[in-house]
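All heavy atoms count here, side chains included; hydrogens, waters and symmetry mates do not. All values reported here derive from a predicted model rather than from experimental measurement.
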Amino acid sequence: MTTTATSATRATRNQYSSGMARALSRLNAWMDSRPLIDYTMVRTIVLVLAGLGVVMVTSSSMTWSVLSDESVWAQPLKQAIVVAMGLFAFWVALQIPPERVRNIAALFMGLSILLLVLVLIPGIGTGRDEVGSQSWIYIAGFQLQPSEIARVAICVWGASILANKDPRKMFQLTNGFMPFIIVSVLCMGLIGAQGDLGMMVSFSIVVAFILLFAGVTWKFIGIVAGFAAVLLVAVMAAGGYRSHRLLVYFDALFGHFEDTRGVAFQSYQGFLSLADGSLFGVGLGQSRAKWFYLPEAKNDFIFAVIGEELGLWGGAVVIILFALLLFFGLRTARRAQNQFQALLAAAITTGIVSQAFINIGYVIGLLPVTGIQLPMISAGGTSAVITLGAMGLVASVARHEPDAVSAMQNYGRPLFDRMFFLAEPKAPRTPVRQAPRRVREAPAPTPVTARRRAQYTDTRRAS
């Protein structure tokens, strides 16, 4: 009886797994039959997230805008302008072929390092008194964060220098891995000197993903990540507000806050916002936390406002959108023209999505609070423009997939490209195989010729 039940259970499992396999196979075949799906999905998800960001920043910032700018529309208008600039950067990135981006990768990396140095100079860099990290430069009335630029620059330059390199020779100076590691450590040191520990962690995650996609083994990355995690915990436990964040993290992890009016105030208010939202939310614009209860409601903790106003389904939609962005970004990397484009798309996508999941993780209490914004949704200047421009590079790689290029050449450009004056992408350059040269066979020797050769050989031997 037991044997019969076990066999039936196994048969059910095999039928279920085979059914799932067939469904996934059909889905993969359906996507393969649509060569522009990666390009369409990447740009659609980016536009939806950017639009959602404008709506949620408008909702979460109205109360604070009245206090600081004496206008309820001050922050929403600023966010709309920043997103418009980011979408323009997205359009510019779509205009540039990925190989041209590769030509300026070294210049881009050098400029980002220069900005990281400049932000540390007193009188140029700012932010130490306001948020505890000297991470911003004011240029012509705009706030520039060089670490955001450096995070994209390391993706572009890393993809350029590590493409088609052998990871088994990573300790050779001429192989590209050692220069990449040296520059990455330099950038992490400069970001750490700013006091921005969260950005340094985010930057190191991007570097780890680039090395992983370039072929470095999990074992090597795991060992380095383990040492870095121990060092990070030691720094956070050394004292100051970082040690308080570590204590609040354990409070949030076990659902019991000790100091709800002190160091745990922000995390506790974020939990209350998510709890108030329940399943369907209190309604768009009806958040109570934004009435001076939740600090940084429009920046670091905007996901708590989303959970309060839109409920569990609203937070789930945001998570699903970032998960889809990760899927189609990595699919773009797998179908790219060459390894440079594959590394570029994979590095930028994983960098942005990992930042999003870190932000969501500390809002819901799974990670310590690090002060990292929610990409394309949180209020910000440099972050929104640079992130949207970086996603434009990913969309450009998707647009230059061999199947996508062939589809556009045969059936024309999609409506989006025609509306925004995007030229037809060029076909990938493939080396032309030359036909083997025909070797002319020597004529067979005649009997007279053979006799003369034999006489010549005998004469040489005799001499």
Side-chain angles (χ1 to χ4, degrees), residues 41-65 69 72-91 93 142-143 145 148 151-152 202 270 273-274 277 281 283-287 289-290 294-311 313-326 328-329 348-349 351-364 371-392 394-395:
M41 290 302 297
V42 167
R43 72 166 188 262
T44 301
I45 294 170
V46 169
L47 294 176
V48 170
L49 287 173
L52 178 63
V54 173
V55 173
M56 295 313 303
V57 168
T58 301
S59 174
S60 60
S61 65
M62 284 186 170
T63 53
W64 295 91
S65 296
D69 300 293
V72 72
W73 298 106
Q75 183 62 45
L77 180 60
K78 179 182 176 181
Q79 182 68 13
I81 294 174
V82 167
V83 170
M85 294 172 60
L87 293 178
F88 177 75
F90 183 88
W91 177 78
F142 289 95
Q143 198 172 343
Q145 189 174 3
E148 292 280 356
R151 189 168 52 183
V152 178
S202 179
S273 300
L274 293 172
L284 186 63
Q286 303 301 314
S287 169
K290 66 185 180 183
L294 180 63
E296 299 296 334
K298 67 180 186 296
N299 289 321
D300 302 346
F301 273 72
I302 195 170
F303 186 76
V305 179
I306 293 175
E308 183 183 8
E309 294 189 350
L310 304 182
W313 74 267
V317 166
V318 173
I319 294 174
I320 290 172
L321 285 174
F322 279 109
L324 288 174
L325 185 62
L326 177 64
F328 284 102
I348 292 177
T349 301
I352 291 174
V353 174
S354 64
Q355 177 185 346
F357 286 151
I358 289 173
N359 176 276
I360 295 172
Y362 71 67
V363 170
I364 64 178
I372 295 178
Q373 293 182 333
L374 187 59
M376 294 177 281
I377 295 181
S378 294
T382 308
S383 176
V385 177
I386 296 298
T387 302
L388 289 172
M391 288 311 304
V394 178

Are Ser287 and Glu308 close enough that a side-chain donor and a side-chain acceptor fall under 3.5 Å?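 Indeed, the side chains of Ser287 and Glu308 share at least one donor-acceptor pair under 3.5 Å.
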Quick one: do Met85 and Ile81 satisfy side-chain contact (heavy atoms from CB on, under 4.5 Å)? Show the steps, please. CA-CA 6 Å; Met85 294 172 60; Ile81 294 174; 4.2 Å; yes
To the closest 0.5 Å, what do you measure between [atom1] ([X]) and [atom2] ([Y])?
{"X": "Met376", "Y": "Leu47", "atom1": "CE", "atom2": "CG", "result": "10.0 Å"}
{"X": "Leu321", "Y": "Thr44", "atom1": "CG", "atom2": "OG1", "result": "10.5 Å"}
{"X": "Leu49", "Y": "Ile377", "atom1": "CG", "atom2": "CD1", "result": "5.0 Å"}
{"X": "Gln355", "Y": "Ile360", "atom1": "CD", "atom2": "CD1", "result": "10.5 Å"}
{"X": "Glu309", "Y": "Ser60", "atom1": "CD", "atom2": "OG", "result": "7.5 Å"}

Smallest separation among heavy atoms of [X] and [Y], with atom names:
{"X": "Ile306", "Y": "Gly315", "result": "CG2-N, 4.2 Å"}
{"X": "Leu274", "Y": "Val363", "result": "CD1-O, 4.1 Å"}
{"X": "Leu325", "Y": "Thr349", "result": "O-CG2, 3.5 Å"}
{"X": "Ile352", "Y": "Thr387", "result": "CD1-CG2, 3.7 Å"}
{"X": "Ile302", "Y": "Met56", "result": "CD1-CB, 3.9 Å"}
{"X": "Ser273", "Y": "Leu294", "result": "OG-CD2, 4.2 Å"}

For the side chain of [X] and the backbone of [Y], is there at least one donor-acceptor N/O pair under 3.5 Å apart?
{"X": "Ser59", "Y": "Val55", "answer": "no"}
{"X": "Ser354", "Y": "Gly351", "answer": "yes"}
{"X": "Lys290", "Y": "Val305", "answer": "no"}
{"X": "Asn359", "Y": "Asp300", "answer": "yes"}

Does some side-chain heavy atom of Trp73 sit less than 4.5 Å from a side-chain heavy atom of Thr58?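 Side-chain contact under 4.5 Å: yes.
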Given side-chain contact (heavy atoms from CB on, under 4.5 Å), test Lys298 with Gln79 step by step and report yes or no. CA-CA 10 Å; Lys298 67 180 186 296; Gln79 182 68 13; over 6 Å; no
Assign the ring pair Phe322 / Phe357 to parallel, tilted or perpendicular, where the plane angle (0 to 90°) is split at 30° and 60°. perpendicular
Under the side-chain contact (heavy atoms from CB on, under 4.5 Å) rule, what do Val317 and Trp313 come out as? Steps first, then yes or no, please. CA-CA 6 Å; Val317 166; Trp313 74 267; 3.9 Å; yes
Go through the steps to decide whether Phe303 and Ile364 satisfy the test side-chain contact (heavy atoms from CB on, under 4.5 Å), and finish with yes or no. CA-CA 9 Å; Phe303 186 76; Ile364 64 178; 4.1 Å; yes
